[in-house]
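Data first, discussion second: the structure below is written as structure tokens.
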Amino acid sequence: MDKYLYSRGKIVYFKKGEKLITILYFSPTGNVKYLAEKLSYNLGSENTSLLPLEFTNPEHLEPGVQLVIMYSIHAFNPPRTVRRFVNKIPEGLYKNISLISVGCAESWVNKAASSGLKKKLQEKGYSILVEEIMAMPLSFIMSFPEDLIKKQILTADNKIGEIANSVLSEDASDSIIPLKSKILHGLGKAEGPAARMFGIELHAGRDCTSCGICVKNCPEKNIRFNKKNKPKFGLSCLMCMRCIYNCPEKAISPRISKFIPIKEGFNNDYEIL
Ligand SMILES: Cc1cc2nc3c(=O)[nH]c(=O)nc-3n(C[C@H](O)[C@H](O)[C@H](O)COP(=O)(O)O)c2cc1C
Ligand code: SF4
Ligand code: SF4
């Protein structure tokens, strides 16, 4: 039996084969999931549990040595689902927590994305180990050109290897957040109400077969069936695009903001690039 020491001084015993690192990922359209799976592989799948954040109850998290939270950036901020989850993580479950935010650029615009989560976790007594931004293809409005996508995937694959090394060696990263990033992070909070309005614009057209995939997978449980067994969208939308891209019949679209989803859908089968 191995033994590990918590930051709060408690000794916790782990049986051989128990998972030591938990990776929670929030990935409405698949980019973050791709990176989370790579990270798990690099850390050693036998040491790691990989959980979709939106379908995990924070109050039932198993204690472990380390927690890694990976999420896609929406308007320079973590999506509401991630913020709510972090607020509910109990104290004292892990020795440290790493935060990996994934946008479409590693630039200063996203630098403050994790700052609110970091503050909340520190208030709960957690130390933050790795805090990184990663870039993957843009998931709405327009598709990036294929050569840029290939470059982003190659860079991200290499960076995941470096992050895995930092997590395993418990090598803390520390970056200074410029004021302009903090301002953008604050302004980005206005996106929340706009995303909710996007939800009321969504509708399922005649091609809908009432399969229920959208209802089951919406991270905010914003979709229900109406009396005619057709999806009805509520006011909790994140504008995450999952229901639109995942509908097998391509039946879901916004009535007005038609430019927001990528017309031809979002293809992120990066392994074949
Ligand atoms: C509503 C919305 C807002 C976004 N805002 C940002 C942003 O502020 N900065 C950024 O770099 N990317 C932004 N993106 C792009 C996604 O963060 C990026 O494509 C990410 O890799 C998607 O990950 P996923 O496929 O796991 O959801 C936004 C995407 C959506 C849908
Ligand atoms: S995923 Fe598409 S086909 Fe299935 S219920 Fe939703 S809108 Fe209808
Ligand atoms: S309704 Fe669609 S776009 Fe809105 S949060 Fe749910 S899955 Fe995402």
Side-chain angles (χ1 to χ4, degrees), residues 25-37 52-54 70-82 100-114 133-144 148-149 152-153 156 181 184-185 187-192 194-226 228-254 257 260-262 265-270:
Y25 61 90
F26 183 67
S27 182
T29 55
N31 281 347
V32 178
K33 183 168 186 254
Y34 170 88
L35 296 176
E37 283 169 354
L53 178 144
E54 69 275 29
M70 303 178 74
Y71 68 91
S72 56
I73 302 171
H74 285 185
F76 325 114
N77 278 272
R80 195 185 318 128
T81 320
V82 179
I100 300 165
S101 56
V102 183
C104 63
E106 282 189 34
S107 79
W108 66 268
V109 295
N110 290 321
K111 267 235 149 65
S114 289
I133 312 167
M134 299 193 66
M136 290 288 279
L138 186 62
S139 57
F140 71 154
I141 302 181
M142 60 166 198
S143 290
F144 280 171
L148 174 59
I149 293 180
Q152 278 187 314
I153 301 305
S181 314
L184 214 48
H185 175 68
L187 293 174
K189 293 193 167 64
E191 186 255 8
R196 287 177 189 273
M197 298 313 288
F198 181 78
I200 352 185
E201 270 206 62
L202 290 175
H203 77 291
R206 282 197 201 140
D207 293 339
C208 170
T209 57
S210 304
C211 72
I213 290 177
C214 56
V215 176
K216 201 169 127 221
N217 292 313
C218 171
E220 282 293 304
K221 298 187 174 59
N222 188 46
I223 315 173
R224 288 168 205 273
F225 278 133
N226 64 16
K228 291 181 182 159
N229 226 18
K230 295 291 174 197
K232 189 175 180 298
F233 299 80
L235 262 172
S236 312
C237 188
L238 295 172
M239 204 157 86
C240 76
M241 308 293 133
R242 178 182 278 176
C243 57
I244 300 174
Y245 299 150
N246 283 5
C247 169
E249 308 303 328
K250 303 281 165 260
I252 303 176
S253 59
S257 319
I260 293 185
I262 297 172
F266 187 54
N267 178 14
N268 50 17
D269 197 357
Y270 303 125

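Bear in mind that the values here come from a model prediction, so they are computed numbers and not experimental data. One-based numbering, in listed order, for ligands and for the atoms of each.
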Mind checking whether P137 has a heavy atom under 4.0 Å from ligand 1?
-> yes
Polar proximity ligand 1 side, S139 side, N/O cut 3.5 Å exclusive | yes
Check P78, P219, P52 against F26 for a side-chain contact (heavy atoms from CB on, under 4.5 Å) and give me the one that passes.
-> P219
List the closest protein heavy-atom neighbour of atom 26 (O) of ligand 1: residue, atom name, distance to the nearest 0.1 Å.
-> S27 OG, 2.6 Å
Against heavy atoms of N31, which atoms of ligand 1 measure under 4.0 Å?
-> 19 (O), 20 (C), 21 (O), 22 (C), 23 (O), 24 (P), 25 (O), 26 (O)
Mark yes when over 12 heavy atoms from residues, nucleotides or ligands other than K250 sit less than 6.0 Å from its NZ; otherwise mark no.
-> yes
Going by heavy-atom distance to atom 1 (S) of ligand 2, choose the closest among C208, G212, C214.
-> C214
Which is closest to atom 10 (C) of ligand 1 in terms of heavy atoms, A105, C104, A195?
-> C104
Which atoms of ligand 1 have any heavy atom of M136 under 4.0 Å away?
-> 21 (O)
Pick, from G103, A75, P28, the option with the minimum heavy-atom distance to atom 7 (C) of ligand 1.
-> A75
Tell me: protein heavy atom nearest atom 23 (O) of ligand 1, and distance?
-> S72 CB, 3.2 Å
Can you find a non-hydrogen atom of E191 under 4.0 Å from ligand 1?
-> yes
What do we get for T209 next to ligand 2 when only non-hydrogen atoms under 4.0 Å count, side chain, backbone, both or neither?
-> both
For atom 9 (N) of ligand 1, the closest protein heavy atom turns out to be N110 OD1, 3.0 Å
Metal environment of atom 4 (Fe) of ligand 3, protein N/O/S under 2.8 Å | C237 SG
Atoms of ligand 1 close to V102 [distance to a heavy atom under 4.0 angstrom, numbered from 1] = 17 (O), 20 (C), 21 (O)
Protein heavy-atom partner closest to atom 8 (O) of ligand 1 - residue, atom, separation in Å = F76 N, 2.8 Å
Give the residue and atom name of whichever protein heavy atom lies nearest to atom 30 (C) of ligand 1, and the separation in Å to one decimal.
-> H74 CD2, 3.7 Å
Tell me which protein heavy atom sits closest to atom 28 (C) of ligand 1, plus the residue, atom name and distance to 0.1 Å.
-> I73 O, 3.3 Å
Does C211 put an N, O or S atom under 2.8 Å from atom 4 (Fe) of ligand 2?
-> yes
Give the residue and atom name of whichever protein heavy atom lies nearest to atom 25 (O) of ligand 1, and the separation in Å to one decimal.
-> T29 OG1, 2.6 Å
